Amino acid sequence: MRIGVFVCHCGTNISATVDVEKVAQKISRLPKVKFSATYKYMCSDPGQNLVRESIKEHKLDRIVIASCSPRLHEKTFKKCVEDAGINPYLVEMANIREHCSWVHKDMEEATQKAIEITRLAVAKVSRDRPLEKTYMPIEKKVLVIGGGISGIQSAIDITFARYPVTIIEKEPTIGGRMALFDKTFPTLDCAACILTPKMVTVSQNEYTTIHTYSEVEEVNGHVGNFRVKFRKKARFVDLRKCTGCGACWNKCPVKVDSEFDLGLGKRKAIYVPFPQAIPNVPVIDRQNCLWFTSKKCGLCKKICAFGAIDYDMSDEIIEEKFGAIIVATGFNQFDHSVYGEYGYGRFKDVITGLHFERMANSSGPTAGKIVRPSDGKEAHDVVFIQCVGSRDEQKGVPYCSRLCCMYTAKHALLLKEHNKDSQAYIFYIDIRAAGKNYEEFVKKVQTDYGAVYLRGRVSRIFQKGGKLIVRGADTLSGGQVEIKADLVVLATGLIAQADAAKLAQMLHIPYDQNNLFTEAHPKLAPVETITSGIFLTGACQSPKDIPDTVATASAASVKALGLMVQDKLEREPIVAKVNPDACSGCRSCIQACPFSAIEEDEIEDSRLKRKRAVAKVLEGVCTGCGNCTAVCRMSAIDLEGFTNRQIMEEIEAL
Amino acid sequence: MSKDFEPKIVGFLCNWCSYAGADLTGTSRMEYPPNIKIIRVPCSGRMNPLFVLKCLMNGADGVLVSGCHIGDCHYSEGNFYARRRFAVLKKLFEYAGIDPRRFQMSWVSASEGEKWAKLVKELVEEIKQAGPNMLGA
């Protein structure tokens, strides 16, 4: 064994407090060290050349670089030694900068410590084994979970590159929350008008497969090779036969509250959520359908000219393989019934922002009239309350939902447009209008649409004489205000979907205390997760408006395409390996593995003359955490790159 | 306890959080005593309690294992296993007559450079109080 040690000055970053020459000299006295040198900047081209040339000249076979943190230049030096013919896993870095020269002032102490740190690295490298990268095939298909604007945009981008995409959407139609909106800020584009073209583009594309009314049930595997099981729920309407003519829902005698209209309107038991739904095929709500509840009616089946109604349909379980997964599951609305101040959700005329959207929408339950839900009269004095549920630690939502200031301003504008004599009062804490043209929009709502902004919180809403009395503070004028309102609109915040935690656990991706999915790095990797091959887009990662959602959707699709275009996937060989002779088959490692990367295998035991169970590592799945190695009682499983012997050698060098 | 006793402490830091946190301490140029030497492991869950004992048998005066905060483990569950395992180890220490101060677990995230410096300072003080480790003597 011929170890070469290179000690970096790093300009004066290291050499100011560590005598690098002394380190090189002391280390050269160790038995297996055959060469040591110092250089100003080891990571520079001449520095790397020094390493490569020394390897050749002195026939070195293992290298230690005593310099900065391996988190910076490990890859640099791995490549450097590989160019000189040494296996890249036979190089170690001694961190004598972040952990030494930068944190100690006394030169003698720092130098002594640097020598010891380098000695540890020499001990480790002496036990390192050459490892070879492995390669895995990649399934050239992307899964998008969620068919809202973020999922749709991701799918469009991926199909543009001619790769197949499957969208799995929980609702009977794609379109997501954006389909509920009336107009979008700040352009006041009609939401459906800008969404539906994208819905059509994605659904008519030959590379897209859309499964609506479907949910993911199980995800196994890893990047390049995810095995996904999903349930296609029974619609009781045959997608292939239905033409969307509407005869069935016209005849259906059952009327229930419409989810799409948030209870403000009705739908039938056989229904299409909204007119531009894709697929334009209804679904039967079996909780309310007379056939399913009491075997009566059956009118829809009788009237269907295409024989598309099939009461005997059952859920279908489908299993497919994907190379990458994009999570686009969106958000839910905060439930304001926890606020006693606003009436516990019991006042009919206290509604949410989404309710307002449905009312303002000309194809909505009130045909575009802004009215009081209690008596249907036009609403004139409308109070808007911002930050309902957001920025409230006591209600478990400490964050800002990012959109509400903007959509409230938009609502005030729409109110004025719909009811010329109306007056909007907006209670706010701050105004967050950070996007492009957002500030100008809010200003316009105040100057041109007469919205009155009151900085303060609302302490109480109560009913009196057919109106809602809203009591709040106006901190800028230093007084209390009382407004007799026809309608109160609460700017409820965005929260995670109810099943977010369950989905995250299925995908093995981390999520935070708000059930928002965690990105790999908040600044530098906002659309990736630490789980390779799974990417995030839209509000399921954090509340965001439509421009940001579309941006992250395209970003996530680029990440997924980056995998699709590879011939094969490179895997780091820092994986666990089992010595079957020593393995007792106790399955402790199988239980300990967070990634289900170990399974049971059978071997023929020549001594016992029978088969016995031993552990086997699925190298493609193993992430190299080493938990298995720590639990093994037989020392039969070991983690390459951080083996027991390697760590113990470091301990012995202390 | 002689006044010039400088404890030898070993720290096993997980690659994703604690090691990065210690790097941040360096990048921020915060100072702490040089008594601790760091060995990198992929996960606090990689740590076999026997390694801790081996350190103490080999003359270390104190051992620290540091990982990601509970719930944030890069490998999702490793630090849960570490926490349980080392709770049992501490019990063994009592049984075997090893000063329990000589082993500590900490949770340092990649953004907690200041916490790392403070932790090391306090740890060195505590081991100084515990005195030299006579186990391997």
Side-chain angles (χ1 to χ4, degrees), chain A residues 13 68-72 92-93 95 97-106 108-110 112-114 116-117 119-121 124 505 508-513 518 521 530-531 574 592-595 623-632 635 639 641-642 644 646-648 650-654, chain B residues 6 8-16 19-20 22-52 54-60 63 71-82 85 110-111 113 116-117 120:
Chain A
N13 278 308
C68 52
S69 170
R71 295 174 66 86
L72 297 165
E92 290 290 335
M93 288 184 71
N95 185 339
R97 191 181 72 172
E98 280 86 340
H99 291 181
C100 189
S101 72
W102 273 350
V103 292
H104 307 313
K105 282 247 158 64
D106 181 290
E108 217 179 287
E109 279 177 353
Q112 186 52 36
K113 183 169 168 181
E116 284 163 21
I117 293 175
R119 235 201 359 248
L120 291 184
K124 173 119 196 306
Q505 286 158 11
H508 294 116
I509 58 173
Y511 56 99
D512 66 15
Q513 67 267 40
T518 307
H521 189 281
I530 53 165
T531 307
I574 311 290
C593 177
F595 302 97
T623 62
C625 73
N627 275 275
C628 54
T629 311
V631 299
C632 182
S635 302
L639 176 66
F642 291 95
N644 287 325
Q646 285 161 9
I647 296 178
M648 287 196 283
E650 280 187 90
I651 295 172
E652 277 160 20
L654 282 167
Chain B
E6 282 303 333
K8 248 171 110 173
I9 303 174
V10 192
F12 292 92
L13 270 56
C14 86
N15 178 62
W16 300 94
Y19 195 93
D23 277 353
L24 181 61
T25 315
T27 316
S28 320
R29 311 293 199 277
M30 293 182 218
E31 272 178 70
Y32 55 84
N35 308 63
I36 188 167
K37 244 92 50 191
I38 292 168
I39 293 179
R40 187 167 68 132
V41 288
C43 178
S44 52
R46 170 74 188 87
M47 280 304 294
N48 193 323
L50 295 176
F51 293 162
V52 174
K54 193 175 170 73
C55 290
L56 294 170
M57 306 283 280
N58 273 34
V63 182
D72 296 345
C73 177
H74 177 83
Y75 299 101
S76 77
E77 295 156 17
N79 56 4
F80 286 115
Y81 287 112
R85 216 177 278 146
S111 56
W116 175 249
V120 175

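Proteins get letters first, then strands, A, B, ... in listed order; numbering begins at 1 in each. Keep in mind the model is a prediction, meaning the values are calculated, not measured. Just so you know, these numbers use all the heavy atoms, side chains as well, and skip hydrogens, waters and symmetry mates.
For B:Y19 against A:P70, the heavy-atom pair with the smallest separation is OH-CD, 3.3 Å. In terms of heavy atoms, B:N58 sits closest to A:I651 at ND2-O, 4.0 Å.
For chain A, the nearby part of B:F12 is the side chain; its heavy atoms alone come within less than 4.5 Å. Contact annotation for A:E652: both backbone and side-chain heavy atoms come within less than 4.5 Å of a heavy atom of chain B. Neither the backbone nor the side chain of B:A110 comes within less than 4.5 Å of any heavy atom in chain A. The part of A:L120 that comes within reach of chain B is its side chain, from C-beta onward, which places non-hydrogen atoms under 4.5 angstrom from that chain. Both the backbone and the side chain of B:F51 come within less than 4.5 Å of a heavy atom of chain A. In this structure, chain B has no heavy atom under 4.5 Å from any part of A:Y511. At a 4.5 Å heavy-atom cutoff, the contact between B:R85 and chain A is made by side-chain atoms alone. Residue B:N15 touches chain A through both its backbone and its side chain, counting heavy-atom pairs closer than 4.5 Å.
The greatest number of non-hydrogen atom pairs below 4.5 Å with chain B, out of A:G626, A:C625, A:G641, A:A630, is found for A:C625. Ranked by non-hydrogen atom pairs under 4.5 Å with chain B, the options A:L654, A:V103, A:I574 are led by A:V103. Chain B forms the most heavy-atom pairs under 4.5 Å with one residue out of A:P594, A:C68, A:C593, and that residue is A:P594. No other option in A:D512, A:N95, A:N13 has as many heavy-atom pairs under 4.5 Å with chain B as A:N95. Of the listed residues (B:A117, B:A82, B:P33), the one with the most heavy-atom contacts under 4.5 Å to chain A is B:P33. Chosen from A:C628, A:A121, A:A592, A:A110, the residue pairing most often with chain B at heavy-atom distances under 4.5 Å is A:A592.
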All N/O donor-acceptor pairs, side-chain side in residues 42-49 of chain B, below 3.5 Å, sequence neighbours left out:
{"from": "B:R46", "atom 1": "NE", "to": "A:F642", "atom 2": "O", "distance (Å)": "3.0"}
{"from": "B:R46", "atom 1": "NH1", "to": "A:N644", "atom 2": "OD1", "distance (Å)": "3.4"}
{"from": "B:R46", "atom 1": "NH2", "to": "A:F642", "atom 2": "O", "distance (Å)": "2.8"}
{"from": "B:R46", "atom 1": "NH2", "to": "A:N644", "atom 2": "OD1", "distance (Å)": "2.8"}
{"from": "B:N48", "atom 1": "OD1", "to": "B:L50", "atom 2": "N", "distance (Å)": "3.0"}

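Note that OG1 of B:T25 is 7.5 Å distant from NE2 of A:H99, once rounded to the nearest 0.5 Å. Residue A:M93 holds its CE atom at 9.0 Å from CZ of B:R40, rounded to the nearest 0.5 Å. Here the straight-line distance linking atom CG of A:L72 with atom OG1 of B:T27 works out to 7.5 Å at 0.5 Å rounding. Taking CZ of B:R29 as the start and NZ of A:K105 as the end, the distance is 10.5 Å to the nearest 0.5 Å. Distance CG/B:D23 to CZ/A:R97: 8.5 Å, rounded to 0.5 Å. For the atom pair CG of B:L24 and CD of A:E98, the computed distance is 10.0 Å after rounding to the nearest 0.5 Å.
Counting non-hydrogen atoms of neighbouring residues, nucleotides and ligands closer than 6.0 angstrom, the CD atom of A:E108 reaches no more than 12 such neighbours.
When side chains are defined from C-beta on, B:Y32 counts as touching A:H104, because their heavy atoms get closer than 4.5 Å. B:K37 places a side-chain heavy atom less than 4.5 Å from the side chain of A:I117.
For B:A60, the side chain to side chain contact (heavy atoms under 4.5 Å, CB included) partners two or more places apart in sequence, or in a different chain, are B:V10, B:C55.
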